Amino acid sequence: MNKEMEAALAGSCERDAKVRFSISPEVARQGIRPELPVLMARGREEGALLLVTAAQHGRELHGIAAIARLFNALDPAKLKGTLIMLPLLNPPAVWMRQQDYPNELGRYRRGLENVWNMNRVWGQDSDTWMGQVTELVWERYGRHADAIIDLHGWSSQSQAWVGKQWRDLLLAFGIRANDLHEPGQSTMPGMFQVHSERHGIPNMTVELAPQNELNPAIVDVGERGIWNVMKHLGMWPGPLELPDEYYVVGEHHELHSARCGLCEPLVQIGDKVAAGQLLGRLWSLDDLSLVEEFRSPVDGLVHVVTGVTFGEDVRPSGVVDAGQLTFMLREISEVLHG
């Protein structure tokens with residue numbers, strides 16, 4: 001850690017202490033200047049700087065709860081190095097109970113462009129309120145970090161992904177499904193992960209599903225994962241707590257309905273299935289006859305069931321249209337044991 005960063009941290013938090021405060025951009029954009037809560041802890045000894053962020057999107061709540069739990073339990077006397085956590089990167093979206101602020105309509109209304117996704121503006125633009133936030137977080141903390149965990153929560157299987165060069169960091173987190181990609185493979189400029197990778201900062205994106213609710217078991221996964229990464233970096237004592245069995249996943253496999261009807265799933269998101277296993281049935285809504293069966297093409301994990309729905313006016317439903325995504329599988333490329 002350079003002297004500039006060391007001095008900045010000392011001004012926020014003494015060694016062997018933890019504090020809560022907030023930061024905000026210097027100027028407002030689009031009429032807002034959000035206050036971002038910061039939870040910081042510094043150990044007695046020097047060590048790694050781990051940055052943990054959550055809630056770039058307002059429906060993704062498990063990361064917020066995992067950070068709250070961990071910070072409440074953390075004893076700075078046992079910590080080596082510095083832990084900085086920003087649990088609400090997008091406070092107005094969280095308060096509005098929607099993915100993006102001021103609106104999320106571009107995500108699910110045809111014909112509208114999605115221009116309010118915070119996780120597409122890192123290093124791209126500082127003329128919007130989102131750009132002001134991402135620039136502030138990057139300049140103050142991100143570019144100095146030894147590792148970054150960015151917590152999300154899409155409407156599918158909980159998983160995490162990272163560049164192959166940081167495989168050990170990802171697997172230390174200990175989530176059940178792990179996606180490793182080639183360095184520089186992402187085609188989405190402006191993602192926090194892509195921006196961090198381009199600057200050589202080890203990082204991971206973690207999806208803690210589902211959205212809009214708090215499942216205690218998923219909050220456990222998030223909290224345990226942060227502790228595990230701290231242990232991996234030498235910041236916290238003790239062995240990693242890993243699942244008995246977890247996986248590196250590979251290719252996506254999608255199954256689509258041939259016609260409309262009632263899709264009855266026989267599996268749940270996250271289930272491990274074998275090639276040829278029956279995943280679900282499609283029943284005709286005309287005469288309730290069986291019109292289609294869906295079987296897994298691979299040994300894999302169930303990633304999506306009856307498509308991904310999104311938005312206040314798009315409700316999940318077992319009634320599917322012709323051509324609709326009914327099941328998505330992630331092929332298992334490697335089995336790991338904790």
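Since the structure is predicted, the reported quantities are computational estimates derived from the model, not experimental observations.
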In plain terms, say whether K272 and E245 are close enough for a salt bridge, that is, a side-chain N and a carboxylate O under 4.0 Å apart. yes
State whether the side chain of N114 and the backbone N or O of G106 hold a donor-acceptor pair below 3.5 Å, judged by distance alone. no
Would you check if the side chain of D299 reaches a backbone N or O of A275 as a donor-acceptor pair within less than 3.5 Å? yes
Q157 pairs by side chain to side chain contact (heavy atoms under 4.5 Å, CB included) with which of M328, Q268, R330? R330
Using the ring of each side chain (for Trp, its six-membered ring), is F294 parallel, tilted or perpendicular to F327, with breaks at 30° and 60°? tilted
Sort out for me which residue in N90, D150, D100 forms a side-chain hydrogen bond (donor to acceptor under 3.5 Å, both in side chains) with Q56. D150
Check against ring pair (Phe, Tyr, Trp, His ring centres under 6.0 Å), W227 and W236: CA-CA 7 Å; W227 287 120; W236 195 259; 4.8 Å; yes
Please name all residues satisfying side chain to side chain donor-acceptor pair (under 3.5 Å) with Q132, sequence neighbours left out, ordered by chain then number. none
Please check if the number of heavy atoms outside E139 that lie under 6.0 Å from its CD is greater than 12. yes
What pairs with D271 under side chain to side chain donor-acceptor pair (under 3.5 Å), at least two apart in sequence or on another chain? none
Salt bridge or not between D16 and R42? Use side-chain N to carboxylate O under 4.0 Å. no
For a side chain to side chain contact (heavy atoms under 4.5 Å, CB included) with M204, tell me which candidate from D179, L170, I175 qualifies. L170
Looking at every non-hydrogen atom in both residues, tell me the closest pair between I148 and I201 and how far apart they are. CD1-CG2, 3.7 Å
Would you mind checking if R281 and E264 are paired as a salt bridge, meaning a charged N to carboxylate O distance below 4.0 Å? yes
Around atom CG of D244, are there more than 12 heavy atoms from other residues, nucleotides or ligands closer than 6.0 Å? no
Charged N to carboxylate O below 4.0 Å: is that the case for E104 and R59? yes
R69/D220 ion pair, N-O < 4.0 Å: yes
Quick one: does H62's side chain have a donor or acceptor within less than 3.5 Å of a partner on P210's backbone? yes
Quiz question: by atom type and distance under 3.5 Å, do the side chains of W161 and Q193 form a donor-acceptor pair? yes
Under the side chain to side chain donor-acceptor pair (under 3.5 Å) criterion, do H256 and E254 qualify, and how do the steps go? CA-CA 7 Å; H256 295 257; E254 296 185 0; 2.9 Å; yes
How are the rings of F192 and W138 set to each other: parallel, tilted or perpendicular (split at 30° and 60°)? perpendicular
Are E241 and K231 close enough for a salt bridge, meaning some N to O gap below 4.0 Å? yes
If Ile, Leu, Val, Met, Phe, Trp and Tyr residues are connected whenever their side-chain heavy atoms lie under 4.5 Å apart, and connections chain through other members, are W95 and L36 in the same group? no
With a 4.0 Å cut-off on N to O distance, would you call E14 and R44 a salt bridge? no
If we ignore hydrogens and angles and just use 3.5 Å, is the side chain of E207 paired with the main-chain N or O of W154 as donor and acceptor? yes
Salt bridge check: are K18 and D75 linked by an N-O gap of less than 4.0 Å? no
